[in-house]
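This structure is a prediction, so every number in the text was calculated from the model and none was measured. Note on naming: letters A, B, ... go to the chains in the order of the sequence lines (proteins, then strands), and numbering restarts at 1 for each one. All heavy atoms count here, side chains included; hydrogens, waters and symmetry mates do not.
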Amino acid sequence: MTQEKEKDKKEKRILKINWQAMAVPLLAIFTALVLGALIIAFTDETVYAAFRESGFFGGIGRAVEVIRIAYGALFIGAFGDPKLLWEAIVHGDGEAFTQAIYPFTETLRVTTPYIFAGLAVALGFQGGLFNIGAEGQYFIAGLATVFVGYSLKGVPAIIHLPLALLAGIAGGAFWGAIPGYLKAKTGAHEVINTIMMNYIAFRFAEFMLDVGGPMARPDSFRPVSPEIEPSAYLPQFFPSNSAIRFNWGFFLALAAAAFVGWLLYKTTLGYEIRTVGQNPHAARYAGISVPKTIILTMAISGGLAGLAGATDILGVLHFMPNAFASGYGFDAIALALLGKSNPVGVVLASLLFGALRAGARYMQGIAHIPLDITSILQGVIIVFIAAPEIIQTLYRLKQKIEGEEGVVFTRGWGQM
Amino acid sequence: MPPVLELKGITKRFPGVLANDHIDLTLNEGEVLALLGENGAGKSTLMNILYGLYTPDEGEVYIRGKKVEIEGPSDAIAQGIGMVHQHFMLIPVLTVTENVMLGMESVKYGLFLDQAKAAKRVAELSHKYSLDVDPDALVGDLPVGIQQRVEIIKLLYRSADILILDEPTAVLTPQEVEGLFEVIRSLVAQGKSIIFISHKLKEVLEISDRIVVLRRGKVVGETRPQESDERKLAAMMVGREVILQVPKGPAHPGEKVLEVEDLYVLNEQEQIAVDGISFSVRAGEIVGVAGVQGNGQTELVEALTGLRPIVEGTIRVAGQEVTNATPRTITEAGTAHIPEDRQRDGLVLSYPIADNLILNTYYLPPVAKGMVMQREVIFSIAERLVKEYDVRTPSILTPAGNLSGGNQQKVIVARELSRPVKLIIASQPTRGLDVGSIEYIHSQLVKKRDEGVAVFVVSAELDEIMSLADRIIVMFEGKIMDIVPAEKATKEELGLLMAGVHPTDAAAEAEKEAVA
């Protein structure tokens with residue numbers, strides 16, 4: 001075999017989709033949907049009524065109908081009604097079109113902070129660090145972003161918007177670097193410290209935004225910040241329809257995913273982060289400064305979580321409420337797990353969670369299935385991912401081959 | 001009477017490897033059977049099958065003529081099979097008795113531990129097999145050799161009569177090895193049967209009744225110690241003639257490359273581990289450090305390579321002062337380091353071989369251009385080094401953790417010796433390796449010496465130091481006992497120095513005693 005061919009083969013092997021690695025997440029999602037369907041059927045009054053009145057087959061038929069309606073609504077709520085979309089395209093009706101794709105744009109809007117926060121946690125995992133502080137970093141970034149957004153006036157958008165984004169990155173990075181520094185210098189475990197930093201961030205935001213607080217909106221009776229200047233807005237994707245909140249932040253998130261992939265797998269810094277994550281002893285032996293790498297990893301991770309907050313404010317809210325839309329930072333842990341700490345995996349997982357979150361509202365309206373069913377689905381998926389043996393046993397999958405590059409999620413207390 | 005243990009046609013496949021290929025093995029009562037083979041020959045796999053940790057793809061296990069299915073260690077123990085692993089499974093803060101009874105505690109009134117009863121049993125066993133273990137001692141306080149006996153007592157306590165000892169001598173001093181052999185003799189004398197796994201030819205010849213040699217998953221031969229010798233066994237193991245003595249000409253020492261002056265280093269417990277030592281290593285010579293493990297060698301190497309802070313003293317590499325410098329500075333000064341614990345420090349086991357081969361050059365051109373790593377370059381370097389250093393692997397993308405110990409070490413050697421270095425610091429470079437790999441690594445070190453590199457070797461194997469080094473430093477309790485030229489050193493003299501006794505003193509002692 002010539003060298004060229006050999007190289008070719010190697011490249012292909014790298015590019016090939018690793019079905020074996022994807023089997024567990026995909027089957028976990030599938031199994032969760034099956035379990036969700038059972039829960040929907042079992043908690044529906046009409047199903048029991050049908051069993052009583054039309055016997056076994058009638059009951060089964062009703063159960064199938066209920067599940068179909070619920071998941072149908074979930075789908076339409078997440079991706080839009082294909083029928084409406086088709087009609088809009090056939091008639092060339094622009095307004096009907098934007099209305100038809102509205103649900104999908106909502107999915108993508110929710111997906112945006114998910115991607116940023118998921119990447120933040122995934123990058124931490126790659127570096128052997130468990131960043132539970134994405135939520136707090138999101139808050140601090142929100143404060144920094146909104147401050148730059150409303151306090152700078154008369155600045156052109158080309159300067160104002162990047163500045164506001166950078167403020168968000170800086171805020172998140174700073175908040176992430178603190179537990180990183182504590183871990184690197186004193187060995188204090190990042191799990192504890194990031195959790196504590198979350199509380200500090202929540203209370204700090206409360207202090208800043210409370211009525212009469214330093215960043216509160218003057219003359220308002222609600223604890224919110226002033227509106228940011230339009231020059232700091234992330235542009236809407238459909239400026240003609242103000243109901244659609246989908247904005248360029250989503251593409252920023254995709255770019256961030258590409259950046260994280262490039263950083264981790266193509267750069268020396270990524271090699272350092274992964275080596276420290278996989279084997280800190282070998283990293284030290286190799287001349288890598290482990291403390292420096294830990295601080296940097298946490299700072300980058302915090303910066304990514306910060307972008308989640310920044311894009312939410314600049315693209316969607318345009319101000320910061322005290323009860324800042326939250327839960328992203330914690331869902332992010334699930335996203336990183338589901339995406340196997342891989343940037344592409346995180347994007348796919350974020351799309352799934354975004355669709356579930358956006359679709360659930362419609363499902364509640366149409367099929368009267370409580371929103372909480374999506375929390376159950378997410379929870380079940382995470383259990384299956386965290387304990388892959390369940391899925392492997394259920395579907396008779398072969399065990400993972402030894403020595404493959406897994407990611408260290410966290411180390412015991414007091415260990416480097 | 002049927003044999004105590006019989007394995008028939010045991011086959012075990014792993015992805016890409018046939019670890020055990022239709023292995024037949026019998027063990028008779030009261031016999032020491034040595035299982036000899038290179039790393040990766042399939043010894044551990046076979047024993048793990050016997051111990052129930054793996055399920056064989058094919059084959060049958062008979063115990064005293066009865067076919068058995070062993071599904072886990074508890075089945076194995078129930079069948080009277082016990083195993084002492086290379087790494088002990090003991091809890092240091094518990095006493096010997098507590099460790100022994102762990103998992104099958106004696107209980108009184110259905111709730112309370114009956115320590116006294118267990119301690120009595122431990123004392124009985126200790127006495128019966130002349131193990132000489134105090135049941136009430138804390139395991140953490142015991143020397144390694146005694147801890148091993150605690151492991152053996154654990155098996156006897158569970159009424160095991162087939163004992164598998166996995167490389168039991170790897171962690172012992174020569175004196176402790178003698179002690180272990182006495183224990184083994186006493187065990188077989190009272191009807192126990194023992195499988196002794198090793199790749200140390202001398203020991204196998206000394207202790208076993210029968211020797212079975214494995215190579216590449218197959219039984220390639222069976223012999224008795226009386227009918228064999230080291231050379232024959234080595235050839236069987238490796239499949240060709242092996243040079244046991246390192247062939248090397250006289251050294252031509254040049255200028256000093258490594259200079260150590262008045263060095264003090266602390267260990268983890270903040271006690272002095274390296275106690276004011278001075279020495280130097282010249283270009284073109286191999287200096288070996290002999291000593292019983294735990295006499296400061298590990299801390300010395302870590303201090304030299306920047307992994308452990310130095311309390312006092314200076315270190316210079318090629319004239320450049322590197323006292324308390326970072327590992328990177330020391331590497332860049334021209335030092336190669338083959339670490340003692342290759343899996344902990346020397347490799348990232350989950351990384352492919354290619355990524356491991358650039359572990360300390362990843363940031364330098366041509367591997368990286370600025371911040372961006374050059375995949376093509378990394379692959380071509382890996383292809384070249386794998387070929388040049390004879391790393392046996394299916395691909396350069398195979399994770400290092402999937403390689404055998406010998407091939408893992410070759411990856412490290414390839415990485416460290418392929419750089420332009422002035423000084424090589426090798427700590428236990430051949431620990432746990434098979435004859436073929438040892439031969440290869442020794443010849444590479446000698447080759448580097450002849451190219452004018454200063455080589456500093458630390459090893460717990462006195463034979464290795466004696467055959468490899470030009471000058472020998474003997475360390476005892478953190479101090480240098482003596483530095484002797486290798487050609488003049490005798491094993492007896494070095495042995496005494498390693499024990500902290502100057503031969504001249506010893507001679508004087510002896511004379512005094514003779515007079516008295």
Is chain A contacted by the side chain of B/Gln343, its backbone, both, or neither, given a heavy-atom distance below 4.5 Å? backbone

Between B/Val372 and A/Trp262, does a side-chain contact (heavy atoms from CB on, under 4.5 Å) hold up when you go through it step by step? CA-CA 9 Å; B/Val372 182; A/Trp262 175 80; 3.8 Å; yes

Using the test salt bridge (charged side-chain N to carboxylate O under 4.0 Å, His left out), find all partners of B/Arg216 that sit at least two apart in sequence or belong to another chain. none

If the condition is ring-ring contact (aromatic ring centres under 6.0 Å, His included), which residues does B/Tyr362 pass it with, not counting sequence neighbours? A/Tyr271

Given 3.5 Å as the limit, does a donor-acceptor pair link the side chain of A/Asn279 with the main chain of B/Leu347, or not? yes

If we only count heavy atoms from C-beta on, is the B/Tyr363 to A/Ile288 side-chain gap below 4.5 Å? no

Side chain to side chain contact (heavy atoms under 4.5 Å, CB included) with A/Leu335: which residues, sequence neighbours excluded? A/Tyr114, A/Ala349, A/Ser350, A/Phe353

Applying side-chain contact (heavy atoms from CB on, under 4.5 Å) to B/Asp355 and A/Thr275, what does each step give before you reach the verdict? CA-CA 10 Å; B/Asp355 283 357; A/Thr275 306; over 6 Å; no

Only heavy atoms, only distances under 4.5 angstrom. Which residues in residues 416-427 of chain B are near chain A? B/Glu416

On a heavy-atom basis, the closest approach of B/Pro327 and A/Gly287 is CB-CA, 4.1 Å

Max heavy-atom pairs within cutoff under 4.5 Å with chain A, candidates B/Gly306, B/Pro339, B/Gly346, goes to B/Pro339

If you round to the nearest 0.5 Å, how far is OG1 of B/Thr305 from OH of A/Tyr285? 9.0 Å

Residue from B/Val348, B/Thr331, B/Asp341 scoring the most non-hydrogen pairs under 4.5 Å with chain A is B/Val348

Under 4.5 Å from any heavy atom of chain A, what part of B/Ile358 do you find: side chain, backbone, both or neither? both

Neighbour count above 12 (heavy atom, 6.0 Å) for A/Phe251 CZ: yes

From B/Gln374 CD over to A/Lys266 NZ, what is the distance, rounded to the nearest 0.5 angstrom? 9.5 Å

Please give me the minimum heavy-atom distance between A/Thr268 and B/Ala368, naming the atom from each residue. CG2-CB, 3.6 Å

B/Arg344 side-chain N/O to A/His281 backbone N/O, donor-acceptor pair under 3.5 Å: no

